[in-house]
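Bear in mind the structure is a predicted one, so any value in this text is a computation, not a measurement.
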Amino acid sequence: MQRWLRAVSFIFAVIFFCSGCGERQENLTLKDSDYQKVRLVMTANGTDIGIESLTAKRFAKLVEEESGGNVIIEFYPNDELTGGNTNEAVKSLTEGAVDLGAYVSGTISLLDPRLEVATIPWSFSNYEEARRVIDETGGDYYAKILSEYGLVYLGSTHNAMRQLTSNRNPVQTPADLQGMRIRVLGGEVYRLFFSALGATPVPLGWSELNVAIQQGVIDGQENGFFLMHSGKLNEIQKYMTVWNYLYENYLFVANRKTFDQLEPKTQKLLRDKMREACEWSRDYLESEEKKIRAQFIVEGLEVIDLTPQELERFKEQVRPLREKLKEKYGAEACAAFRIDVDRK
């Protein structure tokens, strides 16, 4: 009897509600405006506080809020889904075992070296140039190459304009680098760049860096302000040269098969919110770098800004390397990123 009474009450409540104002009834009937219910898995290589992870978390929050909780992004940093194996993580993205991913250009270039074209030394002078070029033409190039590997390009955010720190001596001329042991990432560009300047590049994992510096195994390293600060490198290095020698960014991608199976409205949601998240993180990183720079100086790190004339001496010495890299990546890639084009 109680069940019957509840059922009757529910029916009368529905009838009463539907007979209400026209605006309410219109809202009820707009079922096509609702987002599909879907749960997507996203992976990244960085730590929980890395800029790509902060961007991914903001993206997930924006998507969930806009979709009313219908579209959920489950985010896993540190390549947790593949036991920390980055190569396997990228592979799982192309195969569709994972739906979304965030990887630095140097890592995702494992698929195709052309994706690393923006890391040609001094492709960009500053973040403003990088943002404009990537958003206007470079992003389309990323999308074209990634599509060949079953991936959809969703957006790009800064990793860093990379600077140099050292303990041996300040660096203001190429001669100051002669024989200096510099920790670098494993990528070819980094090794060739410092070799061209007479330094000795030493590929070394991030987790080994602090100990190597303190034990004198290496003299210096190159990185962005944000990562140097998180690793407290300013506490164990004496000098910093600000020269913006290389720009590196994170690419956010989706598996093509997964993306194509989503409703058009959901696809647009992912694109729009990724663009919004990337703009937020670009602004955030640029703002944080200014604060970190000021903090470094207060805490005793000697920060050296190269003059245009001093910078030109470095550029001249690596010019043959730049030409070699431009040939490697090809005319189309260089045109897309307006490399060696006057952007004034």
*Between CG of L110 and OG1 of T94, what distance do you get to the nearest 0.5 Å?*
11.0 Å
*Between OG1 on residue T266 and CD on residue Q261, distance to nearest 0.5 Å*: 12.5 Å
*asked:* Counting only heavy atoms from other residues, nucleotides and ligands, does the tally under 6.0 Å from CD of E80 exceed 12?
replied: yes
_Aromatic contact between F59 and W280, with the criterion being ring centroids under 6.0 Å apart: yes or no?_
no
*Could you tell me whether K324 and E327 make a salt bridge, using a distance below 4.0 angstrom between a side-chain N and a carboxylate O?*
no
*Which residues share a ring pair (Phe, Tyr, Trp, His ring centres under 6.0 Å) with Y153, sequence neighbours left out*: Y142
*Is there a donor-acceptor pair closer than 3.5 Å between any side-chain N or O of S92 and the backbone N or O of A89?*
yes
*Using ring pair (Phe, Tyr, Trp, His ring centres under 6.0 Å) as the criterion, list what pairs up with F75, not counting sequence neighbours.*
none
*Indicate yes or no: at least one non-hydrogen side-chain atom of I72 is less than 4.5 angstrom from one of V38.*
no
*Polar contact flag, side-chain donor to acceptor under 3.5 angstrom, N244-Q163*: yes
*Hey, is the main chain of P113 close enough, under 3.5 Å, to the side chain of S109 for a donor-acceptor pair?*
no
*Taking C-beta and beyond as the side chain, do R271 and L154 meet within less than 4.5 Å on heavy atoms?*
yes
_Ring centroids only, cut at 6.0 angstrom: are H158 and Y250 within range, meaning strictly under it?_
no
_Ring centres under 6.0 Å, that's the criterion: do F337 and W122 meet it?_
no
*asked:* Could you go through I134 and Y247, starting from their C-alpha distance and side-chain angles, then the distance that decides it, and tell me whether this counts as side chain to side chain contact (heavy atoms under 4.5 Å, CB included)?
replied: CA-CA 12 Å; I134 290 172; Y247 173 79; 3.7 Å; yes
*asked:* Test your reading of the model: is there a side-chain donor-acceptor pair from E302 to the backbone of P170, 3.5 Å cut-off?
replied: no
*Residues which pass side chain to side chain contact (heavy atoms under 4.5 Å, CB included) with Q295, listed by chain and number, not counting sequence neighbours*: H229, E299
*Can you tell me how far the CD1 atom of I145 sits from the CG atom of D112, to the nearest 0.5 Å?*
5.5 Å
_Using every non-hydrogen atom in the two residues, find where S156 and N249 come nearest and quote the distance to one decimal._
OG-ND2, 2.9 Å
*Hey, any chance I218 and I236 share a hydrophobic cluster, counting ILVMFWY side chains that come within less than 4.5 Å of each other, even indirectly?*
yes
*asked:* Going by side chain to side chain contact (heavy atoms under 4.5 Å, CB included), name the residues that satisfy it together with K61, two or more places apart in sequence or in a different chain.
replied: E65
*Heavy-atom distance under 4.5 Å between the side chains of L164 and L177, does that happen here?*
yes
*Mind listing the closest non-hydrogen atom pair of S166 and M180 along with its distance?*
CB-SD, 3.8 Å
*Which atom of L54 lies closest to which atom of F226, heavy atoms considered*: CD1-CZ, 4.4 Å
*Roughly how far apart are I292 CD1 and L227 CG, rounded to 0.5 Å?*
9.5 Å
*Can you name the closest pair of heavy atoms from T47 and S53 and give their distance?*
O-OG, 2.6 Å
*Under 3.5 Å side-chain donor-acceptor pair for N169 and Y239*: no
*Which residues pass the side-chain hydrogen bond (donor to acceptor under 3.5 Å, both in side chains) test with K328, sequence neighbours left out?*
E188
*Answer with yes or no whether the hydrophobic clustering places V90 together with Y76; edges join I, L, V, M, F, W, Y residues whose side-chain heavy atoms lie under 4.5 Å apart.*
yes
*Between the side chains of N167 and K238, does any donor sit under 3.5 Å from an acceptor?*
no
*Answer with yes or no whether the side chains of E116 and S105 bring together a donor and an acceptor at under 3.5 Å.*
no
*Hey, is D260 close enough to K257 for a salt bridge, meaning N to O under 4.0 Å?*
no
_Distance-only polar pair, side chains of Q237 and T165, donor-acceptor under 3.5 Å_ = yes
*Which pairs count as salt bridge (charged side-chain N to carboxylate O under 4.0 Å, His left out) when at least one residue sits in residues 40-51, sequence neighbours excluded?*
D48-K57
*Show the numbers, then the answer: is there a side chain to side chain contact (heavy atoms under 4.5 Å, CB included) between R131 and D283?*
CA-CA 11 Å; R131 290 171 83 142; D283 292 340; 2.9 Å; yes
*asked:* Going by side chain to side chain contact (heavy atoms under 4.5 Å, CB included), name the residues that satisfy it together with E312, two or more places apart in sequence or in a different chain.
replied: K315, E316, R319
*Salt-bridge contact K265-D272 (side-chain N to carboxylate O under 4.0 Å)*: no
_Under 6.0 Å between ring centres: does that hold for Y245 and F314?_
no
*Contacts of T157 that satisfy side-chain hydrogen bond (donor to acceptor under 3.5 Å, both in side chains) - sequence neighbours left out*: S281
*Please answer: with hydrophobic residues joined when any side-chain heavy atoms are less than 4.5 Å apart, are L301 and I297 in the same cluster?*
yes
*In terms of side-chain geometry, is the basic nitrogen of R322 or D340 positioned less than 4.0 Å from the acidic oxygen of its partner?*
yes
*asked:* Restricting to non-hydrogen atoms, name the atom on D135 and the atom on E279 that form the minimum distance, rounded to 0.1 Å.
replied: OD2-OE2, 3.8 Å
_According to a hydrophobic-cluster definition based on side-chain heavy atoms being under 4.5 Å apart (Ile, Leu, Val, Met, Phe, Trp, Tyr only), do V217 and I182 belong together?_
yes
*asked:* Evaluate F252 against L100 for side chain to side chain contact (heavy atoms under 4.5 Å, CB included), listing each step before the verdict.
replied: CA-CA 7 Å; F252 292 83; L100 302 159; over 6 Å; no
*Sequence neighbours excluded, which residues qualify as side chain to side chain contact (heavy atoms under 4.5 Å, CB included) partners of A196?*
V318
*Give every residue pair that meets the side-chain hydrogen bond (donor to acceptor under 3.5 Å, both in side chains) criterion with at least one member in residues 202-219, sequence neighbours excluded.*
R181-D219
*Between V189 and P121, which heavy-atom pair has the shortest distance, and what is it?*
CG1-CD, 4.1 Å
Donor-acceptor pairs are to be reported for all side-chain atoms of residues 39-46 against protein atoms at under 3.5 Å, with residues two or more places apart or in another chain.
unit_1	atom_1	unit_2	atom_2	d
R39	NH1	E74	OE2	3.2
T43	OG1	Y103	OH	3.4
N45	ND2	D79	OD2	3.0
N45	ND2	T86	OG1	2.8

*Test side chain to side chain contact (heavy atoms under 4.5 Å, CB included) on R293 and F225 and set out the steps.*
CA-CA 7 Å; R293 175 194 168 98; F225 280 96; 3.7 Å; yes
*Can a donor-acceptor pair be found between the side chains of Q221 and N223 at a distance below 3.5 Å?*
yes
*asked:* Check this for me: does any side-chain nitrogen of one of E235 and K232 sit under 4.0 Å from a carboxylate oxygen of the other?
replied: no
*Determine which pairs satisfy salt bridge (charged side-chain N to carboxylate O under 4.0 Å, His left out) with at least one residue from residues 141-165, sequence neighbours left out, and list them in order.*
R114-E148, K144-E332, R162-E222, R162-E248
_With rounding to the nearest 0.5 angstrom, report the CD1 to CD1 distance, I120 to I339._
4.0 Å
